[in-house]
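The analysis underlying the following values was restricted to heavy atoms, covering all of them including side chains, and did not include hydrogens, waters or symmetry mates.
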Amino acid sequence: MNKVKDRHSLLVLIVLFIGYTSVYVDKYTIGISLVPVAQDLGFDPSQKGLILSAFFLGYTLFQIPMGYLNNRIGARPVLALSIIIVGVFLAIFGFGYSLLFLVIVRFLAGALGHSGYPPSVSNYISLHFPLNKRGFAQSAMLASSGFAAFIGPLLIAPLLVYIGWQNTYYIMGLIVIFIGLCIFFVIPKSTKEERQNFKQKNKVPFSELLGDKQLWILLLSAFFINAANYGLTSWLASYLNEARGLAISQVSYISSLAGLCILIAGILGGYFISRFFNEKERLVIFAFSVLGALSVYGVYLFNQLTLSIICLCLANIFLIMAFTTLMGLPHKLFKQSHIATKYAAINSGGVLGGFFAPMVIGDLVAATNSYQTAFLFIALTFLISGAIALAVKRTNNLAS
């Protein structure tokens, strides 16, 4: 199998990282963007929830077709086209004039753009990077989540304030399209033999997926922890603006601080868990889920803004620690040849949680005219995820 030359591999990683960052910036800043969008177009919380959830519905439905397309035509064209499509729909979002229009745009962005990039990156790394470098490459891609959560609000909020949300999305769209073109020209092609080997290596009978209890446990746990994650991420800006009375610029600083906590916890969390809590992952996930539930409700409970922000930072730290531990379990629980397929199934369940949570929270806020029920819902999903994770078998009893 051809490997990426050492002198070229760093450039490839940088371009893939930038692509991943642009994907996460879109995910994390939509909550901030919807504050002025809702004010301009007169959307209520339920309608904002529909826009947020439409994205995750498209993402969920198209993950499997995009995985199939990866095997058919290779990772490189899917990587480039995915990012270009994300950029196109970012620009189209700027033309938004109605609820239906924005719901359709976000659905298509998730379906045709976002759903293709993560599996394509994993596919490409598996095909082109030596085994001893794949862990670092995958960790770098995951770190883009925290980086985007930190840098995204700082970049987007000033644009929203000074040039408006429509112009902001036009600019974002053009930048992301350019990133997609860079990916197309920088990433080397995969050969037909490499794609065929990858397809055969990761082929798992559908009956085995349905019958694997461990898979379903992880899938359900991922569903609820992502409900907590994307519920908090999607609605934080609206809560801070509407309930706390903060300006968009202040909201961006707080969101960026939370993103910095995600970045640090994401980088250090894996080492911390593997070093001190190896084979105790179930308990780690449960403990962090309980702490996360308490912290996230503290965001609402404390009237003093400083205490609320501290709780927000702690909630994000506990969330990413629980999430990274959970998503590391497939490597210990499943055969090497089954990891890619089963990981994708678990990730699909997680994304589905991102579909339900923003919509449910929007309905709760609209029905009660209070964010208390929203934070109770997020805390509850945290707890359920941790409780489900306790059902995972001890990893040291499993065959490698």
Side-chain angles (χ1 to χ4, degrees), residues 21-22 24-52 55 90-97 99 102 105-106 109 145-176 229-263 296 299-300 302-313 315-316 358 361-362 365-366 369-371 374-375 378:
T21 299
S22 64
Y24 277 114
V25 165
D26 184 22
K27 281 186 182 180
Y28 286 140
T29 59
I30 183 65
I32 296 176
S33 304
L34 277 183
V35 173
V37 171
Q39 291 171 350
D40 280 359
L41 301 181
F43 295 152
D44 62 29
S46 292
Q47 292 170 322
K48 285 197 288 185
L50 285 175
I51 296 172
L52 293 166
F55 167 84
L90 279 169
I92 293 175
F93 191 89
F95 291 95
Y97 63 92
L99 176 64
L102 294 181
V105 168
R106 290 306 291 171
S145 170
F147 179 72
F150 168 64
I151 200 69
L154 296 179
L155 295 175
I156 302 304
L159 293 176
L160 292 172
V161 172
Y162 292 111
I163 66 174
W165 65 270
Q166 293 176 313
N167 290 326
T168 297
Y169 271 89
Y170 300 150
I171 293 173
M172 287 174 61
L174 291 175
I175 292 173
V176 174
N229 180 19
Y230 289 116
L232 178 61
T233 301
S234 299
W235 282 98
L236 177 64
S238 292
Y239 166 70
L240 293 174
N241 176 257
E242 296 170 6
R244 295 277 184 171
L246 301 182
I248 290 296
S249 58
Q250 295 172 302
V251 171
S252 70
Y253 295 140
I254 296 173
S255 299
S256 183
L257 178 61
L260 181 61
C261 293
I262 293 174
L263 177 60
V296 81
V299 176
Y300 172 84
F302 289 109
N303 291 324
Q304 188 176 354
L305 183 60
T306 301
L307 292 177
S308 180
I309 294 173
I310 291 173
C311 286
L312 175 65
C313 292
N316 278 283
I361 290 174
V365 173
N369 199 29
S370 169
Y371 278 92
F375 282 96
I378 295 171

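Atom CD1 of residue Ile171 and atom CG of residue Leu90 lie 12.0 Å apart, to the nearest 0.5 angstrom. Annotation: the span from Gln250 atom CD to Leu305 atom CG amounts to 8.0 Å, rounded to 0.5 Å. Going from atom CG of Leu34 over to atom CZ of Phe43 covers 8.5 Å, rounded to the nearest 0.5 Å. Going from atom CG of Leu263 over to atom CZ of Phe147 covers 8.0 Å, rounded to the nearest 0.5 Å.
Proximity of Leu102 to Val37: side-chain heavy atoms (C-beta onward) are separated by under 4.5 Å at one or more points. Residues Tyr169 and Ile92 form no side-chain contact, since every pair of their non-hydrogen atoms from C-beta on lies 4.5 Å or further apart. Contact check for Ile361 versus Ile378: side-chain heavy atoms found under the 4.5 Å cut-off. Proximity of Ile175 to Met172: side-chain heavy atoms (C-beta onward) are nowhere separated by under 4.5 Å. In this structure, Cys311 and Tyr300 have side chains that are not in contact, with every pair of non-hydrogen atoms separated by 4.5 Å or more. Contact check for Leu257 versus Ile254: no side-chain heavy atoms found under the 4.5 Å cut-off.
Closest approach of Tyr230 to Ser234, counting heavy atoms only: O-OG, 2.7 Å. Nearest heavy-atom pair across Leu41 and Gly96 is CD1-O, 4.2 Å.
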Side-chain donor-acceptor distances from residues 236-246 under 3.5 Å, at least two apart:
{"residue": "Ser238", "atom": "OG", "partner": "Lys48", "partner atom": "NZ", "Å": "2.9"}
{"residue": "Tyr239", "atom": "OH", "partner": "Arg244", "partner atom": "NE", "Å": "3.0"}
{"residue": "Tyr239", "atom": "OH", "partner": "Arg244", "partner atom": "NH2", "Å": "3.2"}
{"residue": "Tyr239", "atom": "OH", "partner": "Val299", "partner atom": "O", "Å": "3.4"}
{"residue": "Asn241", "atom": "ND2", "partner": "Leu246", "partner atom": "O", "Å": "3.0"}
{"residue": "Glu242", "atom": "OE1", "partner": "Tyr371", "partner atom": "OH", "Å": "2.7"}
{"residue": "Glu242", "atom": "OE2", "partner": "Lys48", "partner atom": "NZ", "Å": "2.8"}
{"residue": "Arg244", "atom": "NH1", "partner": "Phe302", "partner atom": "O", "Å": "3.3"}
{"residue": "Arg244", "atom": "NH1", "partner": "Asn303", "partner atom": "O", "Å": "2.8"}
{"residue": "Arg244", "atom": "NH2", "partner": "Val299", "partner atom": "O", "Å": "2.8"}
{"residue": "Arg244", "atom": "NH2", "partner": "Phe302", "partner atom": "O", "Å": "2.6"}
{"residue": "Arg244", "atom": "NH2", "partner": "Ser308", "partner atom": "OG", "Å": "3.2"}

Show me, pair by pair, the donor-acceptor contacts under 3.5 angstrom made by side chains of residues 151-167, not counting sequence neighbours?
{"residue": "Trp165", "atom": "NE1", "partner": "Asp40", "partner atom": "OD2", "Å": "2.8"}
{"residue": "Gln166", "atom": "NE2", "partner": "Gly94", "partner atom": "O", "Å": "3.4"}
{"residue": "Asn167", "atom": "ND2", "partner": "Ile163", "partner atom": "O", "Å": "3.0"}

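Within 6.0 Å of atom OH in Tyr253, 12 or fewer heavy atoms from other residues, nucleotides or ligands are found, so the atom counts as exposed in its surroundings.
At distances below 3.5 Å, not a single donor-acceptor pair connects side-chain atoms of Ser255 with backbone N or O atoms of Ser252. In terms of modelled atom types and a separation under 3.5 Å, the side chain of Asn316 and the main chain of Leu312 share a donor-acceptor contact.
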